[in-house]
Amino acid sequence: MSTNKQLALVIDLNVCVGCHACVTSCKEWNTSGSAGPLTDLNAYGASPSGTFFNRVQTYEAGSFPNTQTVHFPKSCLHCEEPPCVPVCPTGASYKRKEDGIVLVDYDKCIGCSYCSWACPYGARELDEERQVMTKCTLCVDRIYSETLPESERKPACVLACPTSARIFGDVHDPESDASKAIAERGGYALMPEWETQPANHYLPRSIMETIDAARNAK
Amino acid sequence: MRPQFSIIFFTTLVGMAQGLLFFVALLNIEGPVLSAPFLSMLVLPVSFILLTLSLVASFFHLGHPERAWRAAMMWRTSWLSREVIALPAVMALTAITFFCVIIGIVPTWVWAALLISILALWICTAKIYQCIRFIQEWSHPSTLSNFILLGLSSGGLLLELLLLLWNQPDIPLGISLISGVNFILLFLALNLKLWIWRRNQKLKPKSNLASATGIKGNNIRQTSMGFMGGSFNTREFFHHQTDRVISNIRKIILLMAYVGPMILLAFSMNSPNIVQIAIALSMHYIGLLAERWMFFAEANHPQNLYYQRVS
């Protein structure tokens, strides 16, 4: 692991309630920010579709009555070994050395979609109207902003989350809240089998272990 | 994956041109076998037209074709970028060969360079797919072998058709011999395809919902992908056809790309005629379009794990 900065999100699955506030705040900020517009197709029709950098999905696990519902926010994981970057033929897709954010240069992108094929997580979406590849920027135009108050220099999704399920920080700095959360609460990466080393981590739900422990104690 | 028609036409047309040029270069590298008028008036112009058509087809894949020149930049890391360099190289060498034929002498190095550029283009094209390690259907050397074998078979059939069209006594080659070679190529390609299909069937996906979400517990299932109207993720990575359509297209591929042309070749082995070979090539090409469609359709992308249920 390099000693450079690697900004990332740590998502706490214990407290995410699936409200989609991060989805809408992401869309709101980014459609009017430097990454935008995130266009919508057929927005008021029968089958609306549009570009989003962040989605909240829902999963169930277990068998009745021991089931759990897990709300699962999903965005670009800003991999340390991003498979989407070397395949880009134009160099539009790149990983920043200074903070590890994976970005797309929209002026260089030829819209070939190859990077999206090379991402196992489906984190990239081709904007149908602009015909360029888009993805989570970790709100790169917010976090370094000099016009926003210091407390707001965080990704829009982090600020919007009502349950503080999203922790933003440098996962290479062992003293950051993000690193501490990963270390203390068993933070894990998605699809470790492809060795992409995602920077974003997820904190596993501990509620089922608590319930099991309570049942066993009876 | 969603079959991309621009790429289906690109890979089949360029493969046919490569196969044709490969045979021509191989035959002539030791000294002229095919006559100069046959090369300058038929083979090389036809190859160049096929290469141009494939190049045009590839542009339809791009959201911003006017920026296509940028795609040559990242040749150090990207097979797509290398392909973007290799295709014009093949076109340039085809043009150089054409002018050499017109002048009257084709140096050995020109044929050798043409051969090498053709092989390089095959490797680049196949590696674009083969290098995506988590699309397990593609990530195997059989992707390259399949592209080369089908390029050779379609190019060989085209060469046979052009020889019959030319119909001049200045061709020393036995046309039956070419029929035989084409038959063997189709037989090998058929066996490879059947082997690839068996391999794909037996593949065990390395990713599953447990590794994709990290949720602990058994019987993980999605209850909502987070939106209802579809997105790039629901459109780009799946063929959207029923199992029945897929199995019918498999039958069409076997019949049109392989078995049909092989029967026609077998019947015409002793005295090939132009109609039979023209039908064989047309069938083979239509079969190749279906084969390339299936190449995309049967590739399973792990991102689909995240998009299984609308709500």
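In what follows, chains are A, B, ... by sequence order, proteins preceding strands, each numbered from 1. Values reported hereafter were calculated over all heavy atoms of this structure, with side chains retained and with hydrogens, waters and symmetry mates removed. All figures in this text were calculated on a predicted structure; none of them were measured in a lab.
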For the candidates [options], which exhibits the highest count of non-hydrogen atom pairs separated by less than 4.5 Å from chain A?
| options | value |
| --- | --- |
| B:S81, B:A71, B:C131 | B:A71 |
| B:S6, B:A299, B:G63 | B:G63 |
| B:M73, B:K216, B:K206, B:Q308 | B:K206 |
| B:F237, B:W79, B:W75, B:Y129 | B:F237 |
| B:S224, B:G226, B:G230 | B:S224 |
| B:E236, B:Q222, B:R221 | B:R221 |

Separation between [atom1] of [X] and [atom2] of [Y], rounded to the nearest 0.5 Å:
| X | Y | atom1 | atom2 | value |
| --- | --- | --- | --- | --- |
| B:R67 | A:T90 | CZ | OG1 | 9.0 Å |
| A:D107 | B:H64 | CG | NE2 | 9.0 Å |
| B:I132 | A:C84 | CD1 | SG | 11.5 Å |
| A:Y94 | B:M74 | OH | CE | 12.0 Å |
| B:Q303 | A:S116 | CD | OG | 8.0 Å |

Could you verify whether a donor N or O on one side chain and an acceptor N or O on the other, from B:S211 and A:E193, lie under 3.5 Å apart? yes
Greater than 12 external heavy atoms within 6.0 Å of [X]'s [atom1]:
| X | atom1 | value |
| --- | --- | --- |
| B:Q241 | CD | yes |
| A:D177 | CG | no |
| B:D243 | CG | no |
| B:Q201 | CD | no |

Could you tell me which portion of [X] (side chain, backbone, both or neither) has an atom closer than 4.5 angstrom to a non-hydrogen atom of chain B?
| X | result |
| --- | --- |
| A:V56 | backbone |
| A:H71 | neither |
| A:T67 | side chain |
| A:Y202 | neither |

Please determine whether side chain to side chain donor-acceptor pair (under 3.5 Å) holds for the pair B:R235 and A:S49, giving the CA-CA distance in whole Å, both sets of side-chain angles, and the decisive distance to 0.1 Å. CA-CA 11 Å; B:R235 291 189 292 268; A:S49 161; 3.0 Å; yes
With no hydrogens and no angle check, is any side-chain donor or acceptor of [X] less than 3.5 Å from a backbone partner on [Y]?
| X | Y | value |
| --- | --- | --- |
| B:H61 | A:C112 | yes |
| B:N219 | A:A61 | no |
| A:Y114 | B:I128 | yes |
| B:H301 | A:W117 | yes |
| A:Q57 | B:Y306 | yes |
| A:R205 | B:I215 | no |

Given a strict heavy-atom distance threshold of 4.5 Å, which part of [X] is in contact with chain A: side chain, backbone, both, or neither?
| X | value |
| --- | --- |
| B:I7 | side chain |
| B:M1 | side chain |
| B:A210 | neither |

For the interface with chain B, which of [options] has the highest count of heavy-atom pairs at distances below 4.5 Å?
| options | value |
| --- | --- |
| A:A92, A:C109, A:S47 | A:C109 |
| A:A118, A:G91, A:P86 | A:P86 |
| A:E128, A:E60, A:Q68, A:Q131 | A:E60 |
| A:P120, A:P192, A:G122 | A:P120 |
| A:G111, A:G50, A:G62 | A:G62 |
| A:T69, A:V70, A:V85 | A:V70 |

Checking A:M191 against B:L305 for the side-chain contact (heavy atoms from CB on, under 4.5 Å) test, could you report, in this order, the C-alpha distance in whole Å, the side-chain angles of both residues, the deciding distance, and whether it holds? CA-CA 11 Å; A:M191 289 190 193; B:L305 288 168; 4.0 Å; yes
Which atom pair, heavy atoms only, marks the closest approach of A:W194 to B:S207? NE1-OG, 2.7 Å
Looking at side-chain heavy atoms only, is the closest gap between [X] and [Y] below 4.5 Å?
| X | Y | answer |
| --- | --- | --- |
| A:P89 | B:E83 | no |
| B:N218 | A:S63 | yes |
| A:E125 | B:N233 | yes |
| B:F232 | A:M133 | yes |
| A:T196 | B:R133 | yes |

Lys NZ or Arg CZ of A:R55 over B:F227 ring: under 6.0 Å, within 45°: yes
